[in-house]
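Reading through the structure tokens given below for one structure.
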Amino acid sequence: MSTHAETPLLAGPREWLGLAVLALPTLLLSIDVSVLHLAVPHISQGLDPSASQMLWIIDIYGFLIAGFLVTMGTLGDRIGRRKLLLIGAAAFGLASLAAVFADDPTTLIAARAAMGIAGATLMPSTLALIINMFADARQRGVAIAVWVTMFSVGIALGPVVGGAMLEYFWWGSVFLLGVPIMALLLVAGPVLLPEYRDEEAGRLDLPSVLLSLAAILPVIYGLKEIANDGVGPVPLGTLVVGLVLGVVFIRRQRTLESPLLDLGLFRSRTFRTALVTLLLSMLVAGGTYLTVTQFLQLVGGLSPMKAGLYLLPAAFALIVTAVVSPMAAARFRPAHVVAVGLVLSALGHLLLSTADSSSGIAQVVTGFALVYAGGGPLIALGTDIVVGSAQPEQAGSAAALSETSTELGMALGVALLGSLGTAVFRSGVDVPAGAPQDAGHTLTGAVEAAQRLSGDAATTLLASAKEAFTDGLNLIGGIGAATALASAVLVAVVIKLPATGSGADPAAAPDAPAEGSVPAVNVEA
């Protein structure tokens, strides 16, 4: 066999233009996450939803994205990833229009649900297409870094764009962003994106689809309820139900000739390690982001808009390290680059663990920027390792698992670390006589109660509440530092992939021997 035949084809202008198209839905989904939270007060005024309806307006989108990721990733392998992406883009655009003109809470909830299901088609499809379009390891690393960067840009732009639109337009305008972006994707996608699908994939197993939803949705719901209201019988019960059904789902996959989720992916130690590290990092990031944003507003006294601007250094730091990481991985082992980033993230967490409630804004912003800077290499290279460890026909499933670990990690972080921070706050706050009982439940409640008090009682309550909340931030920072350091050691020891500049493909997992012949993957221009 000639050397030329073994050398991956380099991507050309069409592939790079296609990457720009694939970046659009990534940018949109990340913006959509942040702008909705800014729009909550405006939606409350415009539609007057009940407390329960408002929770569903906020949560149903994320619930259904998480629930359908595995199904949509595998469906793309079967019907074609470009086809699924374009179907999802059309559905997302229509659902966005429905949300724009919703005139009651029920309609908005239904529109958000449709956006969630459509959104679940976008992320695994875009990531799987990138893996298929960029066969060269170094080019693939750069392409995934660009994909990650667009997600980071969306996080950075979300508060700014959303704040500006809400200042000059009505609340429904925040959903209009999806319409032109999806329209452009529908026009450019068929021209610039090739089609990929697994010709030997079997039929979609509907019982497995239902089992995956029945397993993932209760787990996400239970975690969010614990984060909102603390540990209770209902959220614990839903967690148990979800975990039991998850076991049933896995057992069924082992009996199917064409499973919804190919468990063979987990034979690779490289795949398992990268996936677990992503999960743990997102867990820490979810809890840290929730706590830092509250600290800046309620302890630091910043407005939501200013708090968003103070978060920009972290987003820009993530962008820089995500872009630089593939270049570093060309000279050094990807695992070493990721490990160095995790050590940097640990230093940021250590700064958070020593922040002070009276003069800690600069330290918190610096620490948070280091946390995000350290996470850039993991998100860029770790995602490449996870998805690239799979065979080309498994790229959709691997991408879905990567995205599911991210969603689940964020939910776990908000629930576990958020609940831990709340417990520390409640045990440390000193509620003076005459203050409402709920003043000691949350920092928001304490701030509102202090505004209704006067004199020493208000001063004592507010100072105690800020100190107690900062104690929770300090603890979360310490946990984050320990987790990041442990993950750095794990990645450096287990993942043995060579530098991309060595000529070997870093996404080829040597610890996962192929079984049988590789199924054919149909590629259409």
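- Across all their heavy atoms, Ala315 and Tyr372 have their closest contact at N-CD2, 4.3 Å.
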**OP:** Apply side chain to side chain contact (heavy atoms under 4.5 Å, CB included) to Phe368 and Tyr289, showing your working.
**Re:** CA-CA 8 Å; Phe368 192 58; Tyr289 184 84; 3.5 Å; yes

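- Separation of atoms CG (Leu129) and CG (Leu192) is listed at 12.0 Å; rounding is to 0.5 Å.
- Under the 6.0 Å distance and 45° angle rule, Arg112 counts as a cation-pi partner of Tyr61.
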Subject >> Candidate pair Leu122 and Met182, rule side chain to side chain contact (heavy atoms under 4.5 Å, CB included), full reasoning >> reply: CA-CA 11 Å; Leu122 301 177; Met182 291 305 163; 3.5 Å; yes

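- Of all the heavy atoms in Met115 and Ala95, the pair that sits closest is CG-CB, 3.5 Å.
- Nearest approach of Gly382 to Ala274, heavy atoms of both residues: O-CB, 4.2 Å.
- When atom types are taken as modelled, the side chain of Thr321 and the backbone of Leu318 share a donor-acceptor pair closer than 3.5 angstrom.
- Of the possible donor and acceptor atoms, none in the side chain of Gln363 sits under 3.5 Å from a partner among the backbone N and O of Leu352.
- Between Phe175 and Leu108 the shortest side-chain heavy-atom distance falls below 4.5 Å.
- For the pair Ala120 and Leu64, the tightest heavy-atom approach, listed with the atom from each and the gap, is CB-O, 4.3 Å.
- In terms of modelled atom types and a separation under 3.5 Å, the side chain of Ser125 and the main chain of Thr121 share a donor-acceptor contact.
- For the atom pair CG of Leu485 and CG of Leu347, the computed distance is 8.0 Å after rounding to the nearest 0.5 Å.
- Within the 4.5 Å cutoff, the side chain of Pro190 has heavy atoms near those of the Leu86 side chain.
- Shown here for Val191 and Arg14, the closest heavy-atom pair between the two residues is O-NH2, 3.4 Å.
- Here the side chains of Leu417 and Thr291 are not in contact, with every heavy-atom distance at 4.5 Å or above.
- The distance from atom CZ of Phe295 to atom CD1 of Ile361, rounded to the nearest 0.5 Å, is 6.5 Å.
- If you look at Phe134 and Trp16, their ring centroids are closer than 6.0 Å.
- When each of Leu370, Val364, Val365 is paired with Leu351, the side-chain contact (heavy atoms from CB on, under 4.5 Å) condition holds for Leu370 and for no other.
- In this structure, the separation between OG on Ser281 and CD1 on Ile379 is 8.0 Å, given to the nearest 0.5 Å.
- One finds the CD1 atom of Ile181 at 12.0 Å from the CG atom of Leu186 (value rounded to the nearest 0.5 Å).
- Going from atom CE of Met282 over to atom OG1 of Thr288 covers 10.5 Å, rounded to the nearest 0.5 Å.
- Between Val292 and Leu311 the shortest side-chain heavy-atom distance falls below 4.5 Å.
- Side-chain contact between Ile385 and Phe271 is absent, with no heavy atoms from C-beta onward closer than 4.5 Å.
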Subject >> Arg81 vs Thr126, side chain to side chain contact (heavy atoms under 4.5 Å, CB included): CA-CA, chis, key distance, verdict >> reply: CA-CA 8 Å; Arg81 289 156 198 164; Thr126 55; over 6 Å; no

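- Although no hydrogens or angles enter the test, the distance criterion places no donor-acceptor pair under 3.5 Å between the side chain of Thr277 and the main chain of Ser487.
- Contact annotation: the side chain of Ile130 approaches that of Leu19 to within less than 4.5 Å [non-hydrogen atoms, C-beta and beyond].
- Taking the side chain as every heavy atom from C-beta outward, Pro25 and Leu185 approach each other to under 4.5 Å.
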Original post:
When you look at Leu344 and Val340, which way does the side chain to side chain contact (heavy atoms under 4.5 Å, CB included) test go after all the steps?
Top reply: CA-CA 6 Å; Leu344 181 62; Val340 169; 5.8 Å; no

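- Here the shortest heavy-atom pairing between Ile495 and Ala335 reads O-CB, 3.4 Å.
- Annotation: side chain of Pro194 is in contact with side chain of Met133 (closest heavy-atom distance under 4.5 Å).
- For the pairing with His349, the side-chain contact (heavy atoms from CB on, under 4.5 Å) check across Thr483, Val284, Ile476 returns one residue only, Val284.
- In this structure a side-chain-to-backbone donor-acceptor pair under 3.5 Å is present from Ser212 to Val209.
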